[in-house]
Every structure is written in C-alpha cells, then in structure tokens.
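Following: one structure in structure tokens, then a few remarks.
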Amino acid sequence: MESLKVHNSLKPGPPVPFVPMVPGKVSWYVCGPTVYDKSHLGHARNYVSSDIIRRIMMHYFGLKVNYVMNMTDVDDKIIIKARRQRLLDLEKKKTYSKEELRSLGLAAFRVYASSNLPLLADDTSNLDETDYITRRDAAYGRVLSGGTLSGDGKPSDAEAKTKMHLGNMDAAATALKQNAIFPGADEVLLPYLDSLYKETIDTSDQTIFTDLTRSMEALFLEDMDNLNVLRPDVITRVTEYMPQIAKFVEQVVDKGFAYEAEGSVYFDISAFEKAGNTYARLRPESRNDKVLQEEGEGSLSKNLSGKRGASDFALWKKSKAGEPFWPSKWGHGRPGWHIECSVMASDILGSRMDVHSGGIDLAFPHHDNELAQSEAYFCEHGKGEHTWVNYFLHMGHLSISGSKMSKSLKNFQTIADALNTTYTARSMRIVFLMGRWNDGVEISPDMRAQSDSWESTISNFFTNTKSWLAEAGVSDGVKSLAISKEQPATGLLADLEQAKKDVEVALTNSFDTPRAMLILLKLVNLANVYVKENRDFDLAQVEAVARWITKIVGIFGLDSNATPPYDGLGWASSIAANVDPRQAVHPYIEVLNTVKADVSALSLSSGALLSVLSQDPTKDFESIVSSGTRDIERLALPYLRVVSQIRDELRRIVASQAAETKQAILTITDRIRDADLTNLGVYLDDRPDNQPSLIKFIPAAELIRAREEKAAREAEKAAKKEEARLAREKAEQEAKEKAKVPPEEMFKKDERYSAWDETGMPTKTKDGCDVPKSQLKSLKKMWEKQKRAHEELKAKGGL
C-alpha cells in the first residue's frame with residue numbers, strides 16, 4: 001500500500017506523510033457547530049467532507065479513529081439570539097395602541113438603518129417607510145443590481161451583508177405601511193429591544209439559552225444523520241465543562257502566559273513568544289488583522305479594556321448584565337470562544353492529538369488561539385515548544401454568488417430545505433467528492449450537471465449489472481461468479497486492476513477524491529463499451545467491476561443503506577429487521593395475482609402462456625428467505641420473474657390476435673410496465689429479437705417522476721397539436737369568408753381609394769389623384785388572386 005500523505009495546515013505546501021502517534025489509531029478532534037440556528041449547506045460542506053476523510057481512513061486504510069466533536073452551546077451569538085428572542089416575546093405580550101406600536105417600529109427602523117446602512121444618509125432621524133425605497137435605491141441601487149459597494153471587483157461578503165440588512169429594512173418598511181409591526185419588523189426590533197432592555201434579563205435562569213441550544217443541537221444531529229454522516233464517537237458540550245475550563249485558565253495564568261484585568265483573563269501573546277513559542281502558526285499573515293481579531297472575541301466583547309497587548313485574546317470574560325455566568329476565582333464570568341475546544345479536546349484526547357479539523361474560516365483566530373493556549377497549558381519551561389496537534393485539516397468553505405455561505409449573512413439554504421427541494425444526501429455528497437476537501441466549492445449549474453451525470457452513469461451500471469445477473473439466474477450472494485486468478489488479468493479485468501492502483505494513488509495523495517471519482521467513471525465507461533462490443537460478454541468480469549465500485553462508493557458514504565465491508569453489489573436495498581419478509585413482498589405478490597387474473601380472463605390459447613401462468617414462485621422465495629437475506633430486491637425477484645415472463649409472452653403473441661384482443665393485451669402490458677411495477681420501483685427494459693425483458697430495480701420516485709414527465713410531454717404535444725388544428729381551421733374559415741367577396745367588390749370599401757373602374761380596380765386615391773402605376777401592378781395581382789379564390793369557392797358550392 002502506498003504511504004498516506006495529507007495536506008497539513010501546520011506545514012503549508014505539498015502533502016506530508018501521515019504517521020499516527022499510535023500505529024493503526026487516529027485521535028481526531030473536530031470543531032462542531034455553534035448551535036444557535038439551523039444548519040446550512042456550509043455546515044454540510046464541512047462535516048460531509050470530514051466524514052468522507054474519516055470513512056476513508058477507517059474503511060480504506062483500516063485505521064481506528066477516535067472522533068470527538070464539540071457542541072458550542074454558550075457563545076456571543078447564542079447569548080444574543082436567545083436574549084433577543086426572549087425580549088421580543090415579552091414585548092409582544094405588552095398592550096400597545098396603534099400609535100405606540102408604530103412609534104416603536106419606526107424607532108427600531110431608524111436605529112437599524114443608522115447602525116447598518118450608512119449610505120442611506122448621515123441623518124436617519126426623518127427616515128420612514130414613505131421615502132425609504134427612494135433613498136435605498138439612490139444609496140444602494142448598485143449593490144441591489146449585482147454590483148459592489150465600491151463599484152469595482154465582484155460582490156463578496158460585504159455586499160451579501162448589505163443585502164441582508166436591506167432585506168430586513170424592506171420587510172420592516174412594508175410592516176410599517178401595513179401597520180403590522182409584529183412579525184414584519186421583527187428583524188429590526190430584535191437588536192433595538194436588546195439595546196434597551198438586555199440588562200433586565202435574569203440570566204441565572206439559563207434555560208433561556210439551553211432551550212435554544214438543545215433544540216438546535218437535535219436538529220443538527222438529525223441533519224447529519226440525513227446526510228449519512230457518521231455520529232461522533234464522543235460529543236462534548238461547553239456548558240458541561242465550566243469547572244474544567246476555569247481550572248485550565250488558572251493553570252495558564254500560573255504559568256505566566258495569561259493575566260487578569262478587571263475580572264476578565266487574557267492570553268499574553270508577548271509572554272508566550274518570549275518563552276520560545278510560536279503564535280499564529282497557521283496564519284502568521286493574519287496575526288494583526290483587527291477585523292478577524294474582533295470577530296474572534298465576539299460582538300459582546302468590543303472595546304475591551306485592560307489588555308496589555310492589542311492582539312491578546314480573552315480566555316475568560318467577566319459577564320455583564322444580561323449574559324450567562326459561572327463561578328471562577330475572578331468572579332462570575334463565561335469562557336472565551338477558543339478556550340472551550342482546548343479544554344474539551346485535551347480532556348478526551350490528552351496533551352496531544354493526531355488530527356484537529358474544522359472549516360478554513362476557523363484557522364485564524366480560533367485555531368491559532370487554540371494552539372497557543374493549549375501549548376501554553378502543556379508546555380514545560382526549558383523543554384521546548386509543546387506540540388498539541390500534529391495535523392490540522394481545514395475544509396474549504398462553500399460559496400454562493402461570490403460570498404461565503406453563513407448564518408450571519410443569511411445567504412444560506414438550510415440542509416433540511418436543500419434535502420427537501422434540491423438535493424439528495426447522495427447527490428450533495430457527490431458534489432463535495434468532486435472537489436478537493438481543502439479547496440473552496442462554488443455552487444454552479446455546471447457543477448450540479450456534472451455530479452448528476454456521474455451519479456446517473458454509476459446507477460445505470462449497477463442496475464444493468466444486477467439485471468444481467470438476475471437474467472443469468474445468479475442472485476445468491478457475494479462474488480457469485482468466480483474469476484480465475486491464475487492467469488494475468490486481461491481486457492476488462494486489466495482495466496479493473498489499473499483502476500484499483502489509480503484509486504490507491506489518489507486516496508493516498510491527501511484523499512484526492514476528485515481524481516478517484518474520475519477513475520470510477522472511466523472504469524464504468526470502459527465496462528459499458530466492453531458489454532456493447534461483446535454480445536457474449538463475460539458477466540463475471542462485469543460483476544467484478546461492479547462489486548469493486550460498490551465497495552469504493554460505500555467507503556465514500558454514498559449509500560446510506562450499506563455497511564462495511566461494502567461487499568454487496570450496487571446501491572444497497574433493505575427492509576427493517578423486524579419486518580417479516582413475507583409481508584415485505586406482499587405488494588409484488590398482489591401485482592402477480594392481478595396480472596394472472598387479468599390475463600386468464602382473456603382466454604388466450606397460447607400453451608407457453610398457460611405454462612407461465614401456472615408457475616408458483618413460492619418455492620424459490622422460501623429458498624431465498626432461508627438464506628437469511630433481508631434484501632427486498634432478492635426477495636421480490638421470483639415473483640417479478642413470473643410477471644415479466646407473462647408480459648414477454650403477451651408481447652410475443654399480440655400480433656397474431658384479433659383487433660379487440662390485441663388492444664386488451666397492449667393495455668395490460670403497458671399497465672404492467674408503466675403502473676403496476678413502476679409504483680414498486682421496478683422497470684422492465686424491453687429488448688429486441690424476442691429477448692426477455694431485463695428486470696431493473698430503480699427507485700420508485702425516479703420512475704414515477706419519469707412517467708409524469710413523459711405524460712406532461714405528451715399532454716403538451718397534444719395541446720400544441722390541438723392548438724395548431726384550431727389555428728388551421730380558423731385560417732381556413734377566414735380564407736373562406738374572404739373568398740366570398742367578388743373581386744369587383746374587394747377594393748370598394750378601402751378608404752384609401754375614391755374611384756374604381758368597371759372591374760372594381762381602384763383608379764383614384766382618396767385625395768383625387770391617379771393611383772400610381774407601381775401600385776396598380778400589385779393591386780392587379782391581389783385582384784386576380786381573389787378572383788381565383790372566389791371562383792373556386794363558387795365551383796365547390798360554397799356561395
């Protein structure tokens with residue numbers, strides 16, 4: 001096996017050898033979500049990509065991974081959202097007159113504009129819903145039409161944030177117009193109420209925060225389950241670690257790497273570096289980035305006083321009124337953002353770990369600060385710099401319209417909504433597999449088309465291979481067709497061996513899944529060509545290819561029904577363990593019985609058909625049940641074979657039947673294919689030259705959607721045909737009415753003329769001038785055409 005190499009953010013450049021501290025075992029801590037809102041596709045990008053790497057480590061390289069994830073359930077965002085929602089709920093219970101409610105909404109409207117949309121005007125004291133749109137378009141029209149604030153470059157986070165604020169203002173302006181402050185103006189009211197009343201909230205009752213975080217955590221885990229992301233081995237929560245966090249901070253202070261100031265504790269970067277340690281190892285170029293530093297401290301910690309160094313960051317924050325608090329030697333407070341991960345990761349994994357991961361946007365300051373405070377905690381003076389993390393893996397973020405997808409920008413699609421409307425768990429994972437895990441992903445139609453094509457190609461290959469095996473009577477388990485290993489691989493088997501080597505090279509090269517996905521696609525295309533060019537192809541070779549691809553896509557997590565070691569064939573089907581197999585196949589038995597009854601009622605004389613109708617697949621079914629399988633496809637196959645054979649025999653004899661019987665047969669054969677079996681997720685692929693139909697298992701939703709799309713196309717075609725017929729009839733009727741006019745009369749009612757000769761041809765224009773000769777020529781042609789039409793209509797008796 002090739003030596004695994006990974007991109008390590010601690011060592012920028014090409015991938016480096018991956019050597020776990022304990023051979024065969026990997027300790028891994030991943031930064032989990034801040035559970036204050038529903039998870040979006042940006043979270044999916046992070047955690048699905050991490051899951052892919054974890055699965056490859058475990059199921060391809062055979063490593064035992066201890067995967068630890070935290071839930072950040074106390075944070076500035078959580079505090080603000082929970083507190084604001086509580087204040088808004090309380091406000092809605094108050095009794096207001098219409099004038100008082102409007103005054104409240106208008107005040108919030110103006111403060112929100114002043115705080116977030118400076119270009120509206122320096123003075124927003126007179127801003128209201130009547131002139132908002134005019135002032136908005138004058139100030140931000142360029143951004144609303146897709147431009148940038150500066151007028152240069154492409155839109156990014158700044159423009160996305162501006163659009164978010166404008167959207168909130170738009171909703172509030174509409175609410176003011178309609179006198180419907182609640183809920184229309186909620187988004188501008190939330191920060192306004194918080195500014196007025198935040199200190200009145202009793203935060204000793206922490207359910208205000210935990211009710212929010214527990215519900216959001218449950219939704220996050222549900223989303224991850226729906227995305228087929230493996231659950232962490234250990235989940236930690238910040239609120240369950242408060243005593244340990246306080247003690248951890250105490251030790252950092254005792255070692256001289258942190259200091260207390262006005263009830264808060266700050267990490268002393270200068271002291272840390274003077275002791276021979278390195279700060280900002282991941283992003284040294286960002287260490288003086290004030291914007292990122294402020295984001296790292298949180299929106300509730302602006303204008304902190306008492307810090308010795310401008311870049312020093314909080315380990316413990318003195319809680320202000322309206323904020324949750326826990327006891328410490330410095331008084332009531334709460335942890336800084338970064339300290340939580342250091343404490344929880346170290347508690348579970350010890351003083352050193354193999355892997356730490358998270359989104360690329362966490363590299364600085366979050367992960368750099370984690371490293372610094374953890375290395376300060378564990379370092380022993382005089383023994384050199386401590387290594388807390390060996391490999392830092394950063395997942396590229398997901399972009400939409402040029403800006404990072406995030407909750408704070410409100411430019412996101414939730415995972416639940418995406419799975420309900422746009423993606424399946426498999427299609428979303430394919431999108432991420434087709435991009436490098438450490439590169440950004442920009443959602444685009446081309447990217448979706450490419451991933452959909454990949455999935456369709458692989459699915460069709462699985463479906464066809466299973467159909468060929470079923471046709472050959474091979475359905476009794478793994479590797480059912482033997483391939484000789486004594487002779488060197490040739491043809492398709494040689495392609496398979498090369499693909500295996502190429503995939504190994506790709507996966508050892510820092511989990512290069514885009515390359516691996518292309519290799520799988522190429523192998524399937526080679527297999528399809530092999531089958532097409534060889535009528536009597538070796539099914540064993542095709543099966544070997546399909547089973548290996550099944551293993552790889554299983555390792556990638558593309559099949560939520562599959563389990564290691566992924567030695568099945570195709571996307572796995574399953575029934576619940578407590579469902580009786582006989583109950584599971586009941587719908588297939590019902591279809592068979594219905595088909596038999598309908599065909600028997602036709603009283604056809606075909607001996608072959610009568611023989612098929614007399615078949616009882618129960619014995620074959622019981623044999624499959626006795627093998628212990630829970631695969632619904634295998635269980636249903638005996639009944640489907642009989643249905644397919646009946647339909648094939650009907651198609652063979654239909655041409656020799658009388659017209660009425662022929663129509664009845666065609667109705668039954670179409671219904672079997674398009675309704676009976678489609679609704680069960682079964683497709684019968686008709687083949688020429690009296691070959692038996694192939695039984696293909698395809699998700700019922702796909703078949704039904706295809707059936708509905710076909711019906712819609714046919715309905716549209718019929719509608720257009722009818723529309724054309726009506727237009728044609730209308731044109732014919734108009735031509736007939738026109739032909740009824742004698743040529744001598746056709747120009748008499750034309751106001752452009754004032755005199756005509758005996759044939760009805762115009763001689764004078766309305767102003768008394770002679771009709772120009774050039775015009776007379778064209779008028780004569782029209783006259784002659786009308787004469788022919790009139791005479792033809794007369795000859796047909798239409799006059």
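- Side-chain atoms of Arg334 do not come within 3.5 Å of backbone N or O of Trp326 as any donor-acceptor pair.
- For Asp312 (side chain) and Lys307 (main-chain N/O), no donor-acceptor pair under 3.5 Å exists by modelled atom type.
- Rounded to the nearest 0.5 Å, atoms CZ (Arg84) and CD (Glu187) are 9.5 Å apart.
- Between the side chain of Lys198 and the backbone N or O of Gly322 there is no donor-acceptor pair closer than 3.5 Å.
- Scored by the ring-ring contact (aromatic ring centres under 6.0 Å, His included) test, Phe364 finds no partners at all (sequence neighbours excluded).
- No more than 12 heavy atoms of other residues, nucleotides or ligands lie within 6.0 Å of NZ in Lys154, so this atom counts as exposed by the packing criterion.
- In this structure, Arg448 satisfies the cation-pi test against Tyr423, with its NZ or CZ atom closer than 6.0 Å to the six-membered ring centre and inside 45 degrees of the ring normal.
- Taking a cutoff of 4.0 Å between a charged side-chain nitrogen and a carboxylate oxygen, Asp233 and Arg54 qualify as a salt bridge.
- In this model, no donor atom of one side chain and acceptor atom of the other lie less than 3.5 Å apart for Ser444 and Asp446.
- For Tyr241 and Phe248, the gap between ring centers reaches or exceeds 6.0 Å.
- A salt bridge is defined here as a Lys NZ or Arg NE, NH1 or NH2 lying under 4.0 Å from an Asp or Glu carboxylate O, and Arg102 with Glu99 fails to meet this definition.
- A donor-acceptor pair shorter than 3.5 Å can be found between the side chains of Asp89 and Gln85.
- There is no side-chain donor-acceptor pair under 3.5 Å between Thr72 and Trp337.
- At least one donor-acceptor pair closer than 3.5 Å links the side chain of Asn228 to the backbone N or O of Gly557.
- Using a cut-off of 4.0 Å between Lys/Arg side-chain N and Asp/Glu carboxylate O, Lys92 and Asp186 are scored as salt-bridged.
- Looking at Leu371 and Leu10, their side chains come closer than 4.5 Å, going by heavy atoms from C-beta outward.
- Judged by distance alone, the side chains of Asp268 and Ser270 never bring a donor and an acceptor atom under 3.5 Å apart.
- A salt bridge links Asp170 with Arg136; the closest basic N to acidic carboxylate O contact falls under 4.0 Å.
- Judged by distance alone, the side chains of Ser114 and Arg110 never bring a donor and an acceptor atom under 3.5 Å apart.
- Partners of Glu375 by salt bridge (Lys or Arg N to Asp or Glu O under 4.0 Å), not counting sequence neighbours, listed by chain and number: Arg281.
- Heavy atoms of other residues, nucleotides or ligands lying less than 6.0 angstrom from NZ of Lys163 number more than 12.
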Worked check of side-chain contact (heavy atoms from CB on, under 4.5 Å) between Thr34 and Ile78: CA-CA 8 Å; Thr34 300; Ile78 293 170; 3.8 Å; yes
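- In this model, no donor atom of one side chain and acceptor atom of the other lie less than 3.5 Å apart for Asp75 and Tyr36.
- Taking a 6.0 Å sphere around NZ of Lys98, one finds it holds 12 or fewer heavy atoms contributed by other residues, nucleotides or ligands.
- Two residues are said to be in side-chain contact when any heavy atoms from C-beta on lie closer than 4.5 Å; Phe209 and Asp73 fail this criterion.
- Looking at Lys317, its side chain does come within 3.5 Å of a backbone N or O of Glu297 through a donor-acceptor pair.
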